[in-house]
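Here's the structure, in structure tokens; my notes come after.
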Amino acid sequence: MKKISHMQLIYKIEFNTTNLYFKHIIESLIKEANINASCKQYNAFILIIVEALAQEIEDFFALLENKLPLSIFIGNSYVVETYDETLVEIEDFEIKQNLSLLTNDAIRKIILENNIDFSNDILKIVKGGISRFETRNGLKDYFLPNKDIRENFENKGFEVKLLITDISKVEEIFDINMKDYQLLCSIERPLVKLKFKILKNSDKEFSSTNFIYAKIPDDKEVVLFAKALKEYGINHVLYVNDEVYQDGLKITYFKEQNLIIHGDKGLFPKYDFIANKKFNSSKDYFDENGGVFKAILAQSAKRLISSVGVYFSQNSHKSSISVNIPTKGIKDIISIPNIHNSIKNCFEEISDIDEHCARLIANYSKKFPMVLEGEVAQNTNGFESIINMCAKVLGINSAKEFEDIALDTNLSSGIQIDMKLVSLDGVNYLDYRRTVQSIMAYKMADVDNITLIYSFYESLSEFICNYVNEIATDIKANDVVLCGNMFANSILLSKTNKTLSKTYNIILPKEYPLDY
């Protein structure tokens with residue numbers, strides 16, 4: 001009788017984090033399948049090594065396909081012939097993850113074993129009120145889409161987001177693609193910016209723009225609450241969370257790479273194997289490394305190589321284009337100014353440039369007198385303050401609306417908005433006055449807001465590319481790091497990458513956020 005022989009199969013999954021929760025999920029599926037297999041995690045990938053009969057292997061991978069959840073850190077996966085057996089596996093320091101591992105089986109178990117009565121909460125919501133309750137991920141207020149309630153929260157400084165209770169209904173209100181689905185449904189349960197279908201947000205009940213950050217349930221209580229809402233016929237609710245609590249990761253994507261914009265949940269606490277140290281938050285990690293640019297150099301082993309770093313952040317007062325020179329360290333070459341959050345002060349500074357600018361301010365104030373009424377947001381820094389000023393002169397309410405209008409266009413090219421340098425006390429700054437003045441001059445010539453707003457990001461990309469090229473040529477650098485949450489803007493990132501990647505190796509963070 002012919003002996004049936006076993007075969008070995010080595011399956012590689014590219015995985016851009018050293019956290020081990022995904023490995024543990026795979027190991028639980030190996031145990032469920034009762035198959036002779038092992039799972040090994042290394043820096044940047046996971047290996048599943050199976051030695052079994054062909055049919056057993058086929059059945060096991062069918063189980064993986066059915067039960068293995070998506071993850072924001074997964075890259076390509078494929079069979080390999082061999083692997084370097086001298087590589088050292090990632091050590092398990094048994095760090096408890098700030099993450100509920102909501103596999104399909106875990107969700108079913110939660111629903112079967114728990115029964116919370118949400119009737120009072122749902123009654124409040126249906127009557128147009130607010131349901132407020134606490135979960136393991138913090139205190140949250142839930143309400144049906146309502147412009148007045150939404151604006152009241154936003155005026156208090158809260159960000160209003162959307163909880164999707166029935167993912168099968170999401171296409172009814174959003175223009176959504178497969179990548180958006182994959183991110184929403186990944187084990188990390190991130191917040192994903194989605195675009196409303198035409199007319200679905202026409203009354204601005206969901207959002208002041210055509211976009212909103214949305215997510216699906218991410219802990220036991222919210223799973224049960226979403227189930228109760230879904231049974232009542234409510235497929236989505238708006239919510240705000242207590243700012244003390246972390247509400248998960250904000251995620252976007254660029255080409256094949258997922259980018260973490262901001263957040264700690266699922267990332268921290270974390271053991272960093274380069275620093276040989278545990279970090280409890282992204283702030284701890286970035287502060288320890290001396291900022292975002294330095295942290296990315298450390299992660300990508302580029303500290304001893306000359307490079308250019310562009311750290312452009314909406315929120316930070318330290319945005320700059322910098323160089324890393326091994327013998328000298330980090331040096332800022334161009335800085336982004338922190339301006340007075342005052343439209344009157346802005347107009348005075350523009351008037352002081354020259355007579356032409358003084359006439360522009362006088363004529364603009366006559367043609368658009370509403371611009372001088374009210375002020376821009378006060379508690380902002382750097383780019384957010386500058387964008388708020390650009391928005392103000394166009395009659396746009398905020399930097400958020402300014403950006404979302406740009407993202408909502410079908411333009412592929414715009415007009416040239418001035419992005420020039422001014423030297424003050426030996427420091428080269430982006431001259432925000434020229435940028436605002438340029439937008440105002442086009443507005444006086446009746447150029448529409450959509451074109452101007454899109455052109456701001458396109459021109460900012462040209463500014464980055466021109467100066468990065470000049471600086472990199474001077475220091476003979478081949479690597480350019482792009483970081484800071486301004487690069488979550490797809491227009492800015494795609495145009496900057498398209499130009500610079502022709503000449504330079506572009507480095508974007510994979511395992512850590514773009515920003516604090």
Side-chain angles (χ1 to χ4, degrees), residues 261-262 286 290-296 307-324 330-343 345-346 349-350 353 376-393 398-400 402-403 406 416-440 452-453 455-472 480-489 491-493 495-497 499-500 508-509 513-516:
I261 302 168
H262 169 78
F286 290 138
V292 180
F293 176 33
K294 282 187 178 180
I296 295 172
S307 60
V308 181
V310 185
Y311 173 61
F312 276 13
S313 171
Q314 275 214 16
N315 320 98
S316 175
H317 61 280
K318 295 181 179 179
S319 291
S320 65
I321 299 178
S322 308
V323 294
N324 173 56
I330 304 289
K331 181 182 178 182
D332 293 344
I333 305 300
I334 298 169
S335 295
I336 305 305
N338 287 291
I339 67 174
H340 293 294
N341 293 309
S342 165
I343 189 67
N345 182 78
C346 175
E349 290 192 340
I350 293 172
I353 296 174
V376 295
Q378 295 301 300
N379 298 318
T380 62
N381 292 308
F383 268 111
E384 187 173 9
S385 294
I386 293 170
I387 296 172
N388 274 334
M389 207 63 71
C390 294
K392 178 68 174 171
V393 299
S398 66
K400 176 183 180 298
F402 187 92
E403 179 182 33
Q416 186 68 51
I417 304 294
D418 285 348
M419 302 276 176
K420 298 181 178 180
L421 296 184
V422 59
S423 184
L424 299 171
D425 299 324
V427 179
N428 291 318
Y429 291 99
L430 169 66
D431 191 348
Y432 94 99
R433 304 169 305 164
R434 292 289 188 180
T435 302
V436 178
Q437 176 255 330
S438 178
I439 288 173
M440 292 169 69
L452 291 173
I453 293 169
S455 299
F456 171 88
Y457 291 100
E458 182 179 61
S459 297
L460 183 58
S461 172
E462 291 175 5
F463 171 85
I464 292 169
C465 294
N466 290 340
Y467 282 104
V468 163
N469 187 56
E470 183 178 318
I471 295 164
V480 176
V481 174
L482 302 180
C483 53
N485 58 14
M486 283 290 288
F487 286 107
N489 180 288
I491 300 167
L492 182 65
L493 178 55
K495 287 185 175 291
T496 303
N497 180 78
T499 300
L500 292 179
L508 288 160
L514 281 168
D515 215 339
Y516 278 89

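Keep in mind it's a predicted model, so treat the numbers as computed, not measured.
Going from atom NE2 of His317 over to atom CG of Asn338 covers 6.5 Å, rounded to the nearest 0.5 Å. Asn489 CG to Gln314 CD: the interatomic distance, rounded to the nearest 0.5 Å, is 8.5 Å. Between the CG atom of Asn345 and the CE atom of Met389 there is a distance of 7.5 Å, given to the nearest 0.5 Å. A distance of 8.5 Å separates OG in Ser455 from CD in Gln416, rounded to the nearest 0.5 Å. One finds the OG atom of Ser320 at 12.5 Å from the NZ atom of Lys331 (value rounded to the nearest 0.5 Å).
Using a distance-only test at 3.5 Å, with no hydrogens or angles considered, a donor-acceptor pair links the side chain of Asn466 to the main chain of Glu462.
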request  = Decide yes or no on ring-ring contact (aromatic ring centres under 6.0 Å, His included) for Tyr516 and Phe286, but give the supporting numbers first.
outcome  = CA-CA 7 Å; Tyr516 278 89; Phe286 290 138; 5.1 Å; yes
task = Starting from the C-alpha separation in whole Å, work towards a yes-or-no answer on side chain to side chain contact (heavy atoms under 4.5 Å, CB included) for Cys346 and Val436.
result = CA-CA 9 Å; Cys346 175; Val436 178; 4.0 Å; yes
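Defined by atom type and a distance below 3.5 Å, a donor-acceptor pair is missing between the side-chain atoms of Asn388 and Asn341. A donor-acceptor contact closer than 3.5 angstrom is absent between the side chains of Tyr457 and Glu403. Residues Thr496 and Ser461 bring a donor and an acceptor atom of their side chains to less than 3.5 Å of each other. In this structure, a donor-acceptor pair under 3.5 Å is absent between the side chains of Ser319 and Ser313.
What you find for Ile321 and Ile464 is that their closest heavy atoms are CD1-CA, 4.5 Å. Nearest heavy atoms, Gly484 versus Asp515: CA-OD2, 3.6 Å.
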May I have the list of side-chain donor-acceptor pairs in residues 418-425 shorter than 3.5 Å, sequence neighbours left out?
none

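Relative ring orientation between Phe312 and Phe487 is described as parallel, the plane-to-plane angle staying below 30° on a 0-90° scale split at 30° and 60°.
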